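This one's a predicted model, so the numbers in the text were calculated from it and none came from an experiment. All values below were derived from every heavy atom in this structure, side-chain atoms included, with hydrogens, water molecules and symmetry-related copies excluded.
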Amino acid sequence: MRFELPAEKKLTCEMRIPIRWGDMDLMGHVNNAMYFRYLETVRVEWLHAVGGKPDPSGQGPVIVNAFCNFLRQLEYPGEVLARHYVANPGRSSFDTFITLERVDEPGVVCAEGGATTVWVDFPSGKSAPLPDWLRALIA
């Protein structure tokens with residue numbers, strides 16, 4: 001099953017991620033688990049940059065699902081351009097979407113993925129309304 005990225009999404013962050021030799025598998029291309037690591041890296045970087053770092057004694061983000069569509073192989077050496085988008089703010093959740101392309105092949109998307117993030121009150125273990133400052137960034 002392939003997940004489609006929505007047309008209505010807001011670009012929030014771009015970052016370059018080096019492809020490391022150790023990211024490859026026996027077949028000579030980047031291991032599928034590393035794609036999820038790249039998605040996680042840009043998502044966490046954005047959350048930290050905007051003040052959304054988890055606070056175990058307070059509130060913060062929790063990923064409740066994640067997906068990745070593998071479109072083209074990534075191989076060492078190289079650098080990945082990750083573009084992070086947000087969409088669909090709800091009461092306590094929002095969606096993130098990320099595209100991955102090689103820096104030396106602009107516009108050619110090698111993978112696209114995303115995750116649903118829920119804002120959680122950690123002491124209670126329950127979802128909490130998105131903070132106004134975060135909702136403003138997503139909307």
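With rounding to the nearest 0.5 Å, the separation of CD in Glu79 from CD in Glu101 is 11.5 Å. Rounding to the nearest 0.5 angstrom, the gap separating the CG atom in Leu74 from the SG atom in Cys110 is 4.5 Å. Atom CD1 of Ile63 sits about 12.0 Å away from atom CZ of Phe36, to the nearest 0.5 Å. A distance of 7.5 Å separates CG in Asp25 from CG in Asn32, rounded to the nearest 0.5 Å.
In summary, Arg102 and Glu75 do not engage in a salt bridge, as defined by a charged side-chain N under 4.0 Å from a carboxylate O. We find that Arg20 and Asp23 are joined by a salt bridge, their nearest charged nitrogen and carboxylate oxygen being less than 4.0 Å apart. Arg43 and Glu40 are not joined by a salt bridge, as no carboxylate oxygen comes within less than 4.0 angstrom of a charged side-chain nitrogen. The pair Glu112-Arg83 does not meet the salt-bridge criterion, since no charged nitrogen lies less than 4.0 angstrom from a carboxylate oxygen.
Using a 4.5 Å cut-off on side-chain heavy atoms (C-beta onward), Gln59 and Pro129 make no contact. Put simply, the side chain of Phe94 reaches to within 4.5 Å of the side chain of Leu130, judged on heavy atoms. You'll find the side chain of Leu47 reaches within 4.5 Å of the side chain of Pro61, heavy atoms only. Within the 4.5 Å cutoff, the side chain of Arg37 has heavy atoms near those of the Thr41 side chain. Looking only at side-chain heavy atoms (C-beta outward), Pro77 and Ile19 stay at 4.5 Å or farther from each other. Residues Trp119 and Val62 are not in side-chain contact: their nearest non-hydrogen atoms beyond the backbone lie 4.5 Å or more apart. Inter-residue side-chain proximity for Glu105 and Arg72 is flagged as met; some heavy-atom pair is nearer than 4.5 Å.
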Stepwise, does the side chain to side chain contact (heavy atoms under 4.5 Å, CB included) test hold for Glu14 with Leu81? CA-CA 7 Å; Glu14 289 186 1; Leu81 175 62; 4.2 Å; yes

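Applying the side-chain contact (heavy atoms from CB on, under 4.5 Å) test to Phe67 and every residue at least two apart in sequence or in another chain returns Phe3, Leu5, Asn69, Phe97.
Taking every heavy atom of both residues into account, Trp133 and Val50 meet most closely at CZ3-O, 3.1 Å. The two residues Ala128 and Ser92 make their nearest non-hydrogen contact at O-CB, 2.9 Å. Minimum interatomic distance between Gly113 and Leu39 (heavy atoms only, all atoms of both residues): CA-CD1, 4.0 Å. Heavy atoms only, all atoms of each residue included: Ile17 and Ala82 are closest at CD1-CB, 4.2 Å. The two residues Asp104 and Pro106 come nearest to each other via the heavy atoms C-CD, 3.5 Å. For the residue pair Ser127 and Arg91, the shortest heavy atom distance occurs at OG-NH2, 2.8 Å.
No donor-acceptor pair closer than 3.5 Å links the side chain of Asn88 to the backbone N or O of Asp95. Of the possible polar contacts, none joining the Tyr35 side chain to the Leu100 backbone as a donor-acceptor pair under 3.5 Å is found. In terms of modelled atom types and a separation under 3.5 Å, the side chain of Arg135 and the main chain of Gly90 share a donor-acceptor contact.
Side-chain heavy atoms closer than 4.5 Å link hydrophobic residues (I, L, V, M, F, W, Y) into clusters, and following such links, possibly through other members, connects Ile98 to Met34. Put simply, Val30 and Tyr76 are part of the same group of oily side chains (I, L, V, M, F, W, Y) that touch within less than 4.5 Å, one to the next. Ile138 is not connected to Tyr85 by any chain of hydrophobic side-chain contacts under 4.5 Å among Ile, Leu, Val, Met, Phe, Trp and Tyr, and they are in different clusters. A continuous path of hydrophobic side-chain contacts links Val42 to Phe70 [ILVMFWY only; heavy atoms under 4.5 Å]. Criterion: ILVMFWY side-chain heavy atoms under 4.5 Å apart, direct or through other members. Under it, Tyr38 and Met24 are part of a common hydrophobic cluster.
A 6.0 Å sphere centred on CG of Asp132 holds no more than 12 heavy atoms belonging to other residues, nucleotides or ligands. Within a 6.0 Å sphere centred on NZ of Lys53, other residues, nucleotides and ligands contribute 12 heavy atoms or fewer.
The side-chain hydrogen bond (donor to acceptor under 3.5 Å, both in side chains) test with His84 is passed by exactly one of Thr12, Thr96, Thr99: Thr12.
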